[in-house]
Amino acid sequence: MAEPNLADALGDERYVSLTTFRASGEGVPTPVWFVPQPDGAVLVYTEASSGKVKRLRRNPACAVAACDARGRVHGEEIAATAEVLDGQGREVFAQLRRRYGWQARAFDLLGGLLNRRRRGDAVGLRVTGAARAR
């Protein structure tokens, strides 16, 4: 069966709750910006050392749902898988910058001022819908 098209399912939403799973199976939701792709996947930008990246390297299963900036879900949860795109953080952030405009530029400036986000220490995540069982 075909994978769900996340880009279409999320529509014009601004945030998505990306839930990754600990070894215990407990879900850890995080609100993130995303960029829809023509093939139906979505891209997410994050720190290479973040917990979600560590969890996804161990288990690529995840879930996504439309949410607000604080992570309050208001959409249906969709089973998904994520691939860590090492070395592609800049490219993904460039796409975020085009989509989110001044908000992304402010985020980039603030991160630089606080020196919390070093260039090259970021990755992209390519999230696709999980194929549904028959």
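On a predicted model such as this, the values are computed, not experimentally measured, just so you know.
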Kindly determine whether V64 and E77 satisfy side-chain contact (heavy atoms from CB on, under 4.5 Å), including the steps that lead there.
-> CA-CA 6 Å; V64 296; E77 188 172 81; over 6 Å; no
For the residue pair [X] and [Y], what are the closest heavy atoms and their distance?
X	Y	value
S17	P29	OG-CB, 3.6 Å
V127	A80	CG1-CB, 3.7 Å
A65	L10	C-CD2, 4.4 Å
V42	P36	CG1-CA, 4.1 Å
R70	P31	C-CG, 4.2 Å
Q95	V35	OE1-CG1, 3.5 Å

Atom pair [atom1]/[atom2] of [X] and [Y] - distance to nearest 0.5 Å:
X	Y	atom1	atom2	value
F93	R98	CZ	CZ	11.5 Å
N5	I78	CG	CD1	9.5 Å
H74	D68	NE2	CG	7.0 Å
L96	Y45	CG	OH	8.5 Å
E83	L56	CD	CG	11.0 Å
Y15	R72	OH	CZ	11.5 Å

Could R99 and F34 be counted as a cation-pi pair, given that NZ or CZ must be under 6.0 Å from the ring centre and within 45° of the axis?
->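 Here R99 passes the 6.0 Å and 45° test against F34.
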Apply side-chain contact (heavy atoms from CB on, under 4.5 Å) to the pair L43 and Q37, showing each step before the final yes or no.
-> CA-CA 7 Å; L43 297 180; Q37 298 298 290; 3.5 Å; yes
Applying the 4.5 Å side-chain criterion to the ILVMFWY set and letting contacts propagate, would V32 and L85 be lumped into a single cluster?
->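 Yes.
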In terms of ring plane angle, is the pair Y100 and W33 parallel, tilted or perpendicular, where the classes change at 30° and 60°?
->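 Parallel, since the angle between the ring planes stays under 30°.
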Verdict with reasoning, V84 to R57, per side-chain contact (heavy atoms from CB on, under 4.5 Å) = CA-CA 7 Å; V84 178; R57 287 193 193 281; 3.5 Å; yes
Test T46 against L125 for side-chain contact (heavy atoms from CB on, under 4.5 Å), laying out the working first.
-> CA-CA 8 Å; T46 191; L125 303 176; 4.0 Å; yes
Counting distance only, does the side-chain N/O of R58 pair as donor-acceptor with the main-chain N or O of V53 below 3.5 Å?
->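 Not at all, since once roles are kept as given, no pair shorter than 3.5 Å links the two residues.
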